[in-house]
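Contents: one structure, followed by commentary.
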There are 2 protein chains.
Amino acid sequence: MVSSRQTQSIRLVWEVFDRSDNAFSVVELVQMHKDSMNKTTVYRILDRFEKEGKLHTFLGKNGLKWYAKCNNCSSKQHIDIHPHFQCNECGKVECLSIDVKIPKVAKHHIEQANMLLLGQCDECVV
Amino acid sequence: MVSSRQTQSIRLVWEVFDRSDNAFSVVELVQMHKDSMNKTTVYRILDRFEKEGKLHTFLGKNGLKWYAKCNNCSSKQHIDIHPHFQCNECGKVECLSIDVKIPKVAKHHIEQANMLLLGQCDECVV
DNA sequence: TTATATTTGCAACCAAGTTGCAATAAGTGG
DNA sequence: CCACTTATTGCAACTTGGTTGCAAATATAA
């Protein structure tokens, strides 16, 4: 056996994602677990979940890293595009279940595409 | 009069963009001017060029900020999409002159979209 | 040429993220 | 149920990108 022990910390971090379909920034996750584990641990656990294909990541508008559960995401779908949305008012981030075509570009071999939509979420549109 | 003096530093930073259509990361720009000006100055000048509409910015794959000249970019086109490309091998970044449609999303008011394509540039495709 | 307001340099700071290493605690096997 | 091996964690120190406040320098208008 090479790895993967079921620790308290791992359970706690996973619970957050299990209870909600939201995306969470690393900053939020470190904050919400600050009494039960070290920030290094949070970073390491998130890394691991990503490698295991349980979570996918993307960058929000300030270059902050966000994590979200891979619901209807096969590993293949990580390559095709599902865009993410971030609200300019409240900062909330969502995965959108829309498919966007990856444009073809002459002389370039495109492997991956990231799309971030910015605007106002339903709660912030007045 | 409220601002905008023509200083040596401003000329030097602008020259870089004037001579090339490439995009440059802040890190590169600070590095290439490190003998003639302070990093704070570089940051401030870039900020200014952006506000003046001479440069536009976007985030590369690691959340690093990149600047590029606004060639055929009206201020309107900043809202519509012109995607950016970053090479996974050499790290080079380009503005693509392709138009991508911003998808409509129910219950969301989309103001802006960022699209980053990742892959291999022509020089790195073997 | 001087006065004044914009720019700059500097040093100190902040936040996100990483690293090395010793201490802790899962999960065997006996 | 205990002992042992090795994955996991905590901690402190560090790195990197970026920002701030303030005093010194320097463009420009008069």
Taking the side chain as every heavy atom from C-beta outward, state whether K65(A) and L46(A) have any pair of such atoms under 4.5 Å apart.
no
Considering just the side-chain nitrogens and oxygens of S4(B), establish if one lies under 4.0 Å of OP1 or OP2 belonging to dT6(C).
no
So W66(B) and F58(B), would you call those rings parallel, tilted or perpendicular, with 30° and 60° as cut-offs?
parallel
Working to the nearest 0.5 angstrom, can you tell me the gap between H84(B) NE2 and L116(B) CG?
8.5 Å
Judged by nearest nucleotide, the residue sitting upstream toward the 5' end of DNA chain D, Y43(B) or T7(B), is Y43(B)
Judged by each residue's nearest nucleotide on DNA chain D, which is more toward the 5′ side, Q6(B) or R44(A)?
R44(A)
What's the closest nucleotide to the side chain of M37(B) if the choices are dG9(C), dA16(C), dG18(D)?
dG9(C)
Tell me the interatomic distance from E52(A), atom CD, to dA7(D), atom P, rounded to whole angstroms.
15 Å
Assign each of S36(B) and K39(B) to its nearest nucleotide of DNA chain C by heavy atoms, then name whichever residue's nucleotide is nearer the 5' end.
S36(B)
Using only modelled atom types and a 3.5 angstrom limit, is any donor from either the side chain of K65(A) or the base of dG17(C) paired with an acceptor on the other?
no
Counting only side-chain heavy atoms from C-beta out, which of dG10(D), dT7(C), dT8(D) sits nearest to N38(A)?
dG10(D)
So what does V27(A) touch, heavy atoms closer than 4.0 Å: a base, only the sugar-phosphate, or nothing?
sugar-phosphate
CD of E28(A) versus C1' of dA16(C): gap in Å, rounded?
14 Å
Among dA16(C), dT26(D), dG18(D), the one nearest any side-chain atom of L64(A) is dA16(C)
Side-chain N,O (T40(A)) to OP1/OP2 (dT9(D)) below 4.0 Å
no
Can you measure from CD (Q31(B)) to CG (L29(B)) and round to the nearest 0.5 angstrom?
10.5 Å
Gap between atoms NZ and C1', on K34(B) and dC10(C) respectively (whole Å)
18 Å
Taken to the nearest whole Å, CD1/I10(B) to C1'/dT28(D) is 13 Å
Given dG9(C), is OP1 or OP2 found less than 4.0 Å from the side-chain N or O atoms of T41(B)?
yes
N62(B) CG to dT15(D) P: how many Å, rounded?
19 Å
Determine the contact category for V30(A): base if any of its heavy atoms lies under 4.0 Å from a base atom, sugar-phosphate if only primed atoms, P, OP1 or OP2 are that close, otherwise nothing.
nothing
If I take atom CZ in residue R11(A) and atom P in nucleotide dT9(D), what distance separates them, rounded to the nearest angstrom?
11 Å
Measure from CD on Q8(A) to C1' on dG10(D) and round the result to the nearest Å.
16 Å
Look only at the side chain of N38(B) and the backbone of T40(B), and say whether a donor-acceptor pair between them is shorter than 3.5 Å.
yes
Would you check, one step at a time, whether the test side-chain contact (heavy atoms from CB on, under 4.5 Å) holds for F24(A) with K69(A)?
CA-CA 10 Å; F24(A) 299 93; K69(A) 215 185 330 179; over 6 Å; no
Which one, dG27(C), dT8(C), dG18(D), comes nearest to the side chain of S9(B)?
dT8(C)
Could you state the atom-to-atom distance from CZ of R5(B) to C1' of dA27(D) in whole Å?
5 Å
